[in-house]
Amino acid sequence: MATGASNFYELYRRSSIGGALTDTLDDLITQNNIDPQLAMKVLANFDRAIAEVLQDKVRSRLTFKASLDTYRFCDEVWTFQLKNVQFKMENGGALVTADRVKIVSCTAKPTGAAA
Amino acid sequence: MENNIPVPTTLPEVEHLINELYKPNPPETISQIQEALQRLQKSTQGWQLAQSLLTRPGDNIKFFGALTIIVKLNTERLSDDDALSVLQNLITWLVHSLNDGSGNIVIRKLCSALVTYYIHYSHTWPTCIRHLILSINRNAAVPIEEVEGSPPLEQVIQELDTQKFLAASWFAAALAEDIGKIDHRAPKYISLHERVLGNANDVAALMGSALTPTNGVTHIPKQKEAIECLQSWLTYAQCAFKQPLVQMLQVLVQPMIDCLSVEELYETTVELLTDTLSNWPQFFTRHHIDAFYVLFEGEWARQQYEDLVQGDFDFNAAQFALFMLAFGNAQMVEMMDTTDTRAQAFLAGLAGILTAQGYPTVEDKIFVPAVEFWSTFVENLRDTILFESTTDLQWDKPPLSRIMQVVSYSWQKIQFPPPEIYDSWDSTDKTWFGNARTDVADFLQAVYTISGLPLISLFVDLTSRALSNSAWADLEATCFCLGSLSDCVSEGKSYDDVLAKVFGSSLFDLLRQGQSVIPVRTRQTCLFLIERYSEFFVRHAEYLPAALNLLFSAVGDRHLALPSSKSIHTLCSSCRILLTSEIDAFLEHYSALRNNAELDSLAEERIIGGIAAILQSLPSEEHKINTIQRLLTMVGIDVTACLQLRQAQDSVLIDANDPIIIRAFDVSQRPTSPVPAHEVALQLAIRALRCLCSISRGLQAPVDLDSDDESSQTGTNPELERIHMDISGILVQFKNLFSDSVEVVDAICIILRAGFTETEPGPFVFPPQMVTELIVSHWRRHVAFVVSAASAFVSSLNARRFKQHVLSTLGILLPWVFNLLHQLPDPEADTELSQYGIEFAQRVLSKRPEVLMSQASNVLEFLFAFAMKLINGNEPLPKAAAAEFWTTFITAKSDDPNVQNALNDAMSHLGPLLSQSLIQNIGGRASRSELDKLSEPLKKLIVQHVHASKWLEAALNDPSFPSDKVSSQDKALFLKKLISLRGGRPTNQTVREFWVACRGSSFAYAS
């Protein structure tokens, strides 16, 4: 999941913002405005920047209550499957409910070969 | 773009173009020059050109010559003899450049060219570092064989002057950086990496010679360069992780630590050590850790620390603190060992950082990283405690006593400064100060997981002390800390007894005395505390009246309106059952507040929503209806005023001091000049509608995930019907007058939706006919929102007691939606309407396929053509909605044989067209992010339809297929894979790979 060279996860490339960025890069390549090497570099920067921004800049938070249905820890990845989930946003935002939620969590810094 | 610049044919022409390239020229000129020069570089004369350029004067010319060598090395394969000849030339040019005063850009570019050579021909130049140093020292490219009999390397390095040393260092650093980018595991490059390791000893000697100067003679530029070179090699070593290389670099740690006390080297060294401690703590040995402790215990570090604690936050001091924190993080396990006196002394130093003078983030730049360290420390300690099942931790002994010390320091640090200082900060400073407080809240929550009740008791005691000392800044910080722990506190007598000391104290009385006694900010935080502990008030109703009286007294104050109204809303919602007997008092309070000119609209919405929540819990239906009528009467005052103003002439203006203006506009938006009556009417309409939104939400039954959704109540209530008529009348009037306004349309849709999820009758649970009539009536604009509400309405009917109305409702709504879609000149003319319209059709198809399929054939033809156009279109959201529609259509089933036949017939006609659309998209027309959505109908098609393979094959081989980059065999293989995957999840990956193949290799940069 993490590239050896950059040591940041690529998983946020599948997020909405990552998808939009990749589509834009595809368009720029189609129009011959950039080459794929630059696109690759932009995505590597995105991997780093989104990890840092989510860690350092995002201050929003929520709490949730749920029944833990299943959990596992495999290859440094925790997976939790929750049932009857109630999310409570900060500042008294709306209560959001969901029947089932899956949480996949990885260590903040991918373990490199040396770690 | 046509290139008007011909490829140059003479050296002066080339030089002229190169000089033009590096001058400020228009982008198109530069692009044309670049293209002309690149053609020349790639031509057969490229080598000759580079050779000529490197002998010419001028840094730009030489730089371009070296660049040309790099291009040739990367694009052409040479025989070993030719390659060695290039190497000899490169070294010769480097030696000349070192002697003829060429700029550093030329020397660095030649070093890069040598590294490029090494990457491609390392087998011809195994001892690259040693050979290069020897050649530089002798001012000539010596034959590679002479390396064997050369003097010891250390001696040769000692003889290098500064410029030559720098060149060797630049080459060594570039070598590590460029080779580090090459995959370590690829078999093709294993030998390259092994040869690099063969040079590591020479690199270590080069760096060591500068870092450990003989005879005590230091040379700052050489040392600085050696540290930067070491940084590159550490990065390479971390990825390569070859023990011999690591050991060679470990020898350099002590010399590096010694560099810290040299002022000119401090910045480079401390950054490198901090980065390595943070990212690769395993690199350091026990011996190194001891050396770090000696450093931190020494006079130099003591001075740095004292400067820091006294508020010196210049770059060097801040770097020193980060260095300490990085060391603390790297030694986290040792720091938890209370018998390790050296580690405990260091930990005391890390706690002391939090006492540095200055406001967090604004002045004290280290506070946040330090709090983050302590949060991590506490989390690690908690894990250790849990793992070891330790129960005999004592709060007056380390490490817990140290943590409580940090809690105390943090609490003092997050106190707000006096208003005159706070007001002088810019908005960024204020935001970051607030964020630092949030970080402390996180830290306290982590501490709570170890401490539990004692932490709550600590802040309760601090509250009492602050109250008795009238220390308002202390009180504010204490209430903030206590509030931040509210989510952690569990139910229990011991907790409630402790909290009762706060909520039963003189706090509420003091707060009611106003700003003259307690400053605004402290009052705001105290009100926030009430909201945070609303669950406490549910368990202890005896404290509720005092809290609510306080909150209502504060809501009229502009500075306190928002926190107090929020607390009122939360308390009313949480304690609704306890407060039902007080509903009349609440209505009177609200009625009185409406006369307050300062009442903020958001505060009003929260209060009225809170009252509605209490109303929802009233046991008697009659009482409920009477109360809602009283509430609606108050909202009706705004409605009446609004309608009167709307009837005025267009030219009528309302004076800015008119009371109706004060009601219509909040303080921050209040106009200073006369306002058109129609504008005031619109604002009043929005305010009234938002109050209705708040009432409708407040009246919703609390979420109970275990409850049965079926209602037990049946029958009608004339009073309730009258309320429905009243509310509906307001909505219809406002819709007729103001549906140009997106805020009005949005609010009306929210009010309608509020009733959709309810299972019991209620004032906002309108009869289906009433909702349908309102939905299909005329809307001036923003009808897409109404279609979206209609989708939710249809779904809710299927799940509720109105099931019998589904058919009649759909009989009206379906033609209405189709008619709206039909009026669009193009499906992408109004993307929101297209998206919500097709989502509506998808929901009907999913729940009641027989209703959709019973529509007239021309209507169905239009719908399918519309959905096909959307999936072929370029708008992402309608396209995704269309993909979902087709997924539902492919899997639609009915028990009615006639309906099933109709579905089958439709599918047999539409299957080939849908296959073609999907294949066109997957063949390269779709955006990459749309592929997962488009894979869904494809998977269903393969699983559900026997002809899917035939349809897809025809689509793949159709002349209109958008890509010529895949062969017939590729297409056949793709189809074979799809069919064999039987609609499984790996289909998505297969689709992605085929899309990349169709788009071309340029798109393979991302998976």
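The chains referred to below are lettered A, B, ... by the order of the sequence lines, with proteins before strands, and numbering in each begins at 1.
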- Working to the nearest 0.5 Å, report the span between OG1 of A/Thr24 and CZ of B/Arg928. 11.5 Å
- Task: For the residue pair B/Tyr1005 and A/Asp26, confirm or rule out a side-chain donor-acceptor distance under 3.5 Å.
- Result: yes
- Check each atom of A/Thr63 against the heavy atoms of chain B and say whether the ones under 4.5 Å are side chain, backbone, both or neither. side chain
- Item | OH (B/Tyr189) with more than 12 external heavy atoms under 6.0 Å | no
- Is a donor on one side and an acceptor on the other found under 3.5 Å between the side chain of A/Asp23 and the backbone of B/Ser927? no
- Residue B/Lys242 excluded, over 12 heavy atoms near NZ under 6.0 Å: no
- Item | Neighbour count above 12 (heavy atom, 6.0 Å) for B/Ile190 CD1 | yes
- Message: With chain B as the partner, which of A/Leu43, A/Asp27, A/Thr22 has the greatest number of non-hydrogen pairs under 4.5 Å?
- Response: A/Thr22
- A/Phe80 atom CZ: more than 12 heavy-atom contacts under 6.0 Å: yes
- Query: So which of B/Thr438, B/Asp932, B/Asn435, B/Asp487 has the biggest tally of heavy-atom pairs under 4.5 Å with chain A?
  - Reply: B/Asn435
- Side chain / backbone / both / neither for A/Ser16 at chain B, heavy atoms under 4.5 Å: neither
- Item | A/Ile29 side, atom CD1; B/Ser1002 side, atom OG - distance, nearest 0.5 Å | 6.5 Å
- Where on B/Arg999 is there a heavy atom nearer than 4.5 Å to chain A: the side chain, the backbone, both, or neither? side chain
- Item | NZ (B/Lys430) with more than 12 external heavy atoms under 6.0 Å | yes
- Task: Assess whether atom OH of B/Tyr448 is packed by more than 12 heavy atoms of other residues, nucleotides or ligands within 6.0 Å.
- Result: yes
